[in-house]
Enquirer: 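Below is the structure I would like to discuss, written out as structure tokens.
Since this is a predicted model, take the numbers as computed values, not measurements. Computation of the quantities below employed the complete heavy-atom set of this structure, encompassing side-chain atoms and omitting hydrogens, waters and symmetry-equivalent molecules.
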Amino acid sequence: MKYRKKKSDFLWLAALLLVISLTACTGMAEKVVEMMGVEKPAGEEAAKKSDGKTGNSEEAGAFESKVKVFGNEGKTEGMSEGDTTKDVTERLSSEEAKKILMKDYEKYVDYLAVKVPEFEPMPLTSEEDLYEVPTEEEKALLKDSYFVGSGFNQMRERYPGKYAWFLLFRDETQKKEYFDRTGASSIDMFCLYVNLDTGMTFIDSSIIGIYRLPDLYNVAYQPYALDGAAELDFLLWVLQDRGIISSMYKYTDSWSLTIESEEPMGDAMIALGAEWDSEVELIELGEYITRLPVYHMETYEKAGIYDFNVKERVITDYYTGEEIYRDPMVATEPKSITNANAKQELIAIFEKLCILSEGEAKNYSFSVQPFTAEEHEWINEGFEIKVTSASAKASEEVLGTFYMSMDGTKVSKWNPIQEQKEAFYGTALILW
């Protein structure tokens, strides 16, 4: 694992970077990169099975949506990742979405006040403070210039629906700089999302991922972000979520605790008074697998050793072999995609994500042809699908050029602003 931090750094950064990691502020995000690249995504209170260790809390039925469809209590009760929203009869209006967002944001601020008492929240005093991002073009510009939105497609795939994007600025000066398109690298702002079908709210943490409000449940993990910091952070979040550790902000790995020592890691850990298993191999574990010994940052109590298979999105307890986390989105059923069925498969994905309603595809034209790309690309063989429409009401999310893999498990879309393809569907299969 490339990411290593000083022990002393963690003692004060663990709390401070909880705040930084949950901002979409480009200035702060850049400072994080400059300051060693630590970000701490927060997890919800342990929602776990009786043994406190196994099973996805949502899959186990323990998940209870923290927000409801506005005016329709109970619509999202028990909603799991990947659930569609076909039972929702009305979408939230912009004003309704803002009301829900304000309530959840207040709870989020309260949560951080407990975790980080010195945290100075970005003010949200009225609905007028929230700027709704109106177009796909501006959303693309946000991704390109402000480092937010990289996890959006993964969030939408987990919780399908129509989303509204909102920006919250630190003050009027920051807001003016944004609209003047000046000082782009230092604008202090949050990017927030509301699922208009379910009322669920989220906060973007730039290149690290996206978290659900107000409980900060991780919904869009980004592999190898900040030179590998994301893997440690995600593991600690899972351990906290499963009740294996009390707080992810009090734990780290042995690499981080011994960064300043000139002694071998095992000797350095023993010198700290920590338990050390010299028989455990920590390197050459195979491609995409990271093994992390986890310890309390102050007492050096050992919390276990865990293997994180990034490719399969699986975390396993080294000693017991017990699987403590598996991303349900990885298990996408492969299909045989052909020139004849690629169009319908893409339409099915649009409908699954609630981008198009059933029957709306007739308003669009689809052009399909085979394509091949460089071997290192996320999708190097499949079908290119160009979507156009003469309708003035055509969805900008649907228009454009898409690339579908031969087995239909992955779809990317051409981003004309960044002039590159970005993962659109099958996002849990991203490896970089």
Side-chain angles (χ1 to χ4, degrees), residues 79-91 135-137 139-140 149 151-163 195-198 219-220 313 327-375 377-416 420-431:
M79 178 173 286
S80 299
E81 292 182 8
D83 278 0
T84 58
T85 53
K86 294 179 180 178
D87 60 332
V88 178
T89 57
E90 294 183 16
R91 280 183 169 153
T135 65
E136 292 303 306
E137 181 179 3
K139 293 172 187 177
F152 174 80
N153 288 335
Q154 186 176 162
M155 172 186 67
R156 179 174 57 189
E157 193 173 342
R158 291 190 190 282
Y159 299 105
K162 177 69 175 179
Y163 280 83
N195 185 316
L196 301 178
D197 292 317
T198 67
V219 302
R313 295 291 200 277
D327 191 331
M329 288 208 320
V330 173
T332 304
E333 189 68 29
K335 300 179 180 180
S336 178
I337 306 301
T338 65
N339 202 81
N341 67 8
K343 166 188 169 180
Q344 287 306 127
E345 291 297 332
L346 183 60
I347 291 173
I349 290 172
F350 287 154
E351 293 178 351
K352 178 180 180 180
L353 299 178
C354 300
I355 297 172
L356 287 182
S357 299
E358 188 174 351
E360 285 186 336
K362 66 179 182 294
N363 299 320
Y364 299 85
S365 298
F366 297 79
S367 173
V368 181
Q369 66 178 11
F371 88 96
T372 56
E374 297 294 330
E375 187 174 348
E377 289 196 25
W378 190 50
I379 303 174
N380 53 44
E381 184 180 13
F383 293 90
E384 176 187 285
I385 309 170
K386 292 185 178 181
V387 185
T388 59
S389 177
S391 173
K393 297 182 179 180
S395 169
E396 293 183 69
E397 292 181 283
V398 176
L399 299 175
T401 302
F402 297 82
Y403 303 86
M404 181 177 292
S405 63
M406 296 296 291
D407 62 2
T409 61
K410 298 185 290 186
V411 177
S412 61
K413 183 180 182 181
W414 179 254
N415 182 327
Q420 64 183 19
K421 300 168 188 173
E422 63 178 32
F424 180 82
Y425 178 77
T427 51
L429 302 173
I430 298 173
L431 290 173

Enquirer: Return each pair, listed once, that meets salt bridge (charged side-chain N to carboxylate O under 4.0 Å, His left out) where at least one residue sits in residues 388-411; pairs must be two or more places apart or across chains.
Expert: Arg156-Glu397, Lys162-Glu397
Enquirer: Check side-chain hydrogen bond (donor to acceptor under 3.5 Å, both in side chains) between Lys386 and all other residues, then give those that pass, not counting sequence neighbours.
Expert: none
Enquirer: Identify, with sequence neighbours excluded, every residue that meets side-chain contact (heavy atoms from CB on, under 4.5 Å) alongside Glu381.
Expert: Thr372, Met406
Enquirer: Provide the closest heavy-atom pair for Phe383 versus Ala342 in the form atom of the first, atom of the second, distance.
Expert: CB-CB, 4.2 Å
Enquirer: Asn339 and Gln369: which non-hydrogen atoms are nearest, and at how many Å?
Expert: OD1-CA, 3.8 Å
Enquirer: Which residues pass the ring-ring contact (aromatic ring centres under 6.0 Å, His included) test with Tyr403, not counting sequence neighbours?
Expert: Phe371
Enquirer: Quick one: CG on Asn341 to CD1 on Ile347, what's the gap to the nearest 0.5 Å?
Expert: 11.5 Å
Enquirer: Between atom OG1 of Thr401 and atom NZ of Lys413, what is the distance when rounded to the nearest 0.5 Å?
Expert: 9.0 Å
Enquirer: Just jot down the ring-ring contact (aromatic ring centres under 6.0 Å, His included) partners of Tyr425, sequence neighbours excluded, or say none.
Expert: none
Enquirer: In Å and rounded to the nearest 0.5 Å, what is the CG to OH distance from Asn153 to Tyr163?
Expert: 10.5 Å
Enquirer: Do Ile349 and Phe402 have side chains that approach each other closer than 4.5 Å (heavy atoms only, starting at C-beta)?
Expert: no
Enquirer: Going from CG on Leu353 to CD on Glu157, what distance comes out if it is rounded to the nearest 0.5 angstrom?
Expert: 6.5 Å
Enquirer: What I'd like to find out is whether the side chain of Val368 reaches to under 4.5 Å of the side chain of Leu346, using heavy atoms alone.
Expert: no
Enquirer: Where is the tightest heavy-atom contact between Ile379 and Ser405, given as atom of each residue plus distance?
Expert: CG2-CA, 3.7 Å
Enquirer: Mind checking whether Tyr364 and Phe350 have ring centres under 6.0 Å apart?
Expert: no
Enquirer: Rounded at 0.5 Å granularity, tell me how far CE in Met404 sits from CD1 in Ile337.
Expert: 5.5 Å
Enquirer: Shortest non-hydrogen contact from Lys421 to Ala373?
Expert: NZ-CB, 4.0 Å
Enquirer: Tell me the salt bridge (charged side-chain N to carboxylate O under 4.0 Å, His left out) pairs involving residues 338-350, sequence neighbours left out?
Expert: Lys335-Glu345
Enquirer: Side chain of Arg313, backbone of Val330: donor and acceptor closer than 3.5 Å?
Expert: no
Enquirer: Would the distance check show the side chain of Ser389 and the main-chain N or O of Asn363 forming a donor-acceptor pair, the cut-off being under 3.5 Å?
Expert: yes
Enquirer: What's the spacing between Leu429 CG and Gln154 CD if we round to 0.5 Å?
Expert: 10.0 Å
